[in-house]
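Report on the following structure.
Below, each value reflects all heavy atoms present in this structure, side chains not excepted, and no hydrogens, waters or symmetry copies. Sequential numbering from 1 along the given sequence is applied to the chain's residues.
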Amino acid sequence: MVLIVDDIRANIIALKKTLELHNIDVDSAESGEEALKKILKTDYCLIIMDVQMPGLDGFEVVKILSGNIRTKDIPVIFLSALNTEKKYIFKGYETGAVEYITKPVDSDLLILKVKTFIKIYEQQNELKVMKDLLSKEIKIRKEAQDNLEIKIAERTKELVQKNEELELRNHELQQFSWVVSHDLNEPIRKIQIFIKIIKDLYLKADDKAIDYVDRTIKSAERMQTLITDLLAYSRLSAQVKPEKTDLNIVLQEVLGDFDYLIERKNATIKNNELPTIDSIPSQMRQVFQNLIGNALKFSGNEEKAVIEITSETILEKSIESPTSPEGKFCRITVKDNGIGFDEIYLDRIFIIFQSLNDRQSYEGTGIGLAIAKKIIEKHNGLITAKSKVGEGASFIIVLPLKYE
């Protein structure tokens, strides 16, 4: 809104009609005192001020406005027919006016100037609004940043405490492992020794007693194997740095360990070239021991056991990934022609202590495949199986060639 200040009402009416023809909202005051009262109550985008007025003249009013923080930025145009000398024009600019126009007025030029100052005022208001919004946004972001830093600091402190607790638990677990390996295995070894002495010295003629003793020895051996497997499973939590591992060497070492069982089962082992990957050799050896050991154990009795170990380079970390010589992963398959299993039990076979077969017929602790799964996952890999009852099983492993 534009405020017209003039002590002559006819001047106000004429100028008001000119501005209203151009859709400009207008208010008026007939003295400097009345103008000041209105300016303090209403926001004006422009003031058209007469210089010569009774009481407070235009110069005095503008000087007062310039000294007030709320009104100092309101643009003022002086409009005068009497004070047309240069000294008055200079005085008008010195008091803070943005324009000094002498009469007679070119109405088109006046309208152009008024619209220009209104536009500038609106743009300044928009900038002020944007500035206020930006200030609020900065404040909100700063508060959010401060809160985030506090939360990060709290979380970091919590993680440090948890890490210290974890290190303590790992130390306790190592101590426990030593107790298990020594204090539990030692009584079992003594049970085995004394039972064998009793069998050899006192039970030669009693077949039933010998059968009971043999069962006891077998149970003790199974207990010993269970303790060993549990220790192996618990030690997989330890952090060990991977190294370049030729899986062909690892495989040959495992097959060397199984040479007696392979010969006894009359098994045929087939394999192609395996890759060299970043891994923990001892753990990969354990994986092959468990998978090949299972293949030999569950080979059945009706036909010759055949175990195939194959490898291929694949494009991505997926069991069904297409092959690619440029791939960053390998897919290793251990396939046998043994008794197989129903795939509805696929989720169970990798869970610790789960076994799908009668332990009287097939010895085992139900930990081997759980160990294999945990090792493969620690190597950022995948493991699964495909099988049908009576048609053998294929265990499929996907591993990255390089550790990341």
Side-chain angles (χ1 to χ4, degrees), residues 221-222 224-236 238 240 242-300 304-313 329-340 349-350 352 355 357 362-387 392-401 403:
E221 288 174 350
R222 185 170 178 274
Q224 202 167 36
T225 303
L226 179 61
I227 291 170
T228 303
D229 285 350
L230 277 173
L231 283 172
Y233 189 81
S234 66
R235 285 171 182 157
L236 292 178
V240 183
E243 59 185 74
K244 289 288 182 185
T245 308
D246 186 344
L247 294 182
N248 296 288
I249 297 174
V250 173
L251 177 61
Q252 292 309 313
E253 289 175 352
V254 172
L255 293 178
D257 292 341
F258 283 121
D259 57 357
Y260 172 75
L261 187 56
I262 291 171
E263 185 178 344
R264 187 165 67 84
K265 289 271 190 176
N266 193 26
T268 299
I269 310 294
K270 301 177 181 179
N271 68 278
N272 66 356
E273 188 76 13
L274 300 184
T276 296
I277 67 171
D278 292 344
S279 75
I280 302 166
S282 61
Q283 293 185 1
M284 294 310 301
R285 180 188 177 102
Q286 202 162 15
V287 170
F288 280 116
Q289 279 179 334
N290 289 333
L291 296 182
I292 295 172
N294 277 355
L296 291 168
K297 183 194 305 181
F298 300 116
S299 60
K304 181 179 178 181
V306 177
I307 301 171
E308 299 178 51
I309 302 108
T310 58
S311 174
E312 52 192 350
T313 305
F329 297 85
C330 65
R331 180 167 53 218
I332 299 170
T333 305
V334 179
K335 181 181 179 182
D336 64 61
N337 62 340
I339 62 173
I349 64 173
F350 294 107
I352 192 167
S355 178
N357 304 101
Y362 299 98
E363 294 182 2
T365 60
I367 301 178
L369 288 177
I371 290 175
K373 185 174 189 292
K374 192 169 183 180
I375 289 172
I376 295 303
E377 288 176 348
K378 279 177 67 70
H379 283 75
N380 193 28
L382 305 171
I383 183 170
T384 189
K386 294 181 180 180
S387 181
S394 295
F395 284 85
I396 305 159
I397 299 168
V398 172
L399 287 167
L401 298 177
Y403 178 79

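Rounded to the nearest 0.5 Å, atoms CD1 (Ile309) and CG (Leu274) are 7.5 Å apart. Summarising the geometry, atom CD1 belonging to Ile383 is positioned 10.0 Å from atom CD1 belonging to Ile332; distances are rounded to the nearest 0.5 Å. Expressed to the nearest 0.5 Å, how far CG of Leu255 lies from CD1 of Ile262 amounts to 5.0 Å. Separating the CD1 atom in Ile397 from the CZ atom in Phe288 is a distance of 6.0 Å, to the nearest 0.5 Å.
Contact between Ala305 and Ser299 at its shortest, heavy atoms only, is CB-CB, 3.6 Å. When all heavy atoms of Lys297 and Lys265 are compared, the pair lying nearest together is O-NZ, 3.8 Å. The two atoms that bring Phe329 and Pro400 nearest to each other are CD2-CA, 3.5 Å, heavy atoms only. Nearest heavy-atom pair across Ile375 and Gln283 is CD1-O, 3.4 Å. Closest approach of Thr245 and Pro281 over heavy atoms only: OG1-CG, 3.5 Å. Nearest heavy-atom pair across Gly293 and Phe258 is CA-CZ, 3.7 Å.
Using a cut-off of 4.0 Å between Lys/Arg side-chain N and Asp/Glu carboxylate O, Glu308 and Lys270 are scored as not salt-bridged.
Two residues are said to be in side-chain contact when any heavy atoms from C-beta on lie closer than 4.5 Å; Thr333 and Glu312 fail this criterion. Residues Ile292 and Leu251 have side chains in contact (heavy-atom distance under 4.5 Å, counting atoms from C-beta outward). Using a 4.5 Å heavy-atom threshold, the side chains of Glu243 and Ile280 count as separate.
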message = Does Asn248 form a side-chain contact (heavy atoms from CB on, under 4.5 Å) with Gln252? I'd like the steps, not just the answer.
response = CA-CA 6 Å; Asn248 296 288; Gln252 292 309 313; 5.6 Å; no

message = Test side-chain hydrogen bond (donor to acceptor under 3.5 Å, both in side chains) on Thr310 and Lys335; report intermediate values, then the result.
response = CA-CA 8 Å; Thr310 58; Lys335 181 181 179 182; over 6 Å; no

task = Let me see the working for Val250 and Val287 under side-chain contact (heavy atoms from CB on, under 4.5 Å), right down to the final yes or no.
result = CA-CA 10 Å; Val250 173; Val287 170; over 6 Å; no

request  = Would you please test Val334 and Asn294 for side-chain contact (heavy atoms from CB on, under 4.5 Å) and show each step?
outcome  = CA-CA 10 Å; Val334 179; Asn294 277 355; over 6 Å; no

Verdict with reasoning, Met284 to Leu399, per side-chain contact (heavy atoms from CB on, under 4.5 Å) = CA-CA 11 Å; Met284 294 310 301; Leu399 287 167; 3.5 Å; yes

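Side-chain N or O atoms of Lys373 include none that pairs as donor or acceptor with a backbone N or O of Phe350 at under 3.5 Å. Checked by atom type and distance alone, the side chain of Ser279 never pairs as donor or acceptor with a backbone atom of Pro242 at under 3.5 Å. The main-chain N or O of Ser311 is found under 3.5 Å from a side-chain atom of Asn272 such that the two form a donor-acceptor pair. Proximity of a side-chain donor or acceptor of Asp336 to a complementary backbone N or O of Leu291 within less than 3.5 Å is not detected. With hydrogens and angles disregarded, no donor-acceptor distance shorter than 3.5 Å links the side chain of Asp246 to the backbone of Thr276.
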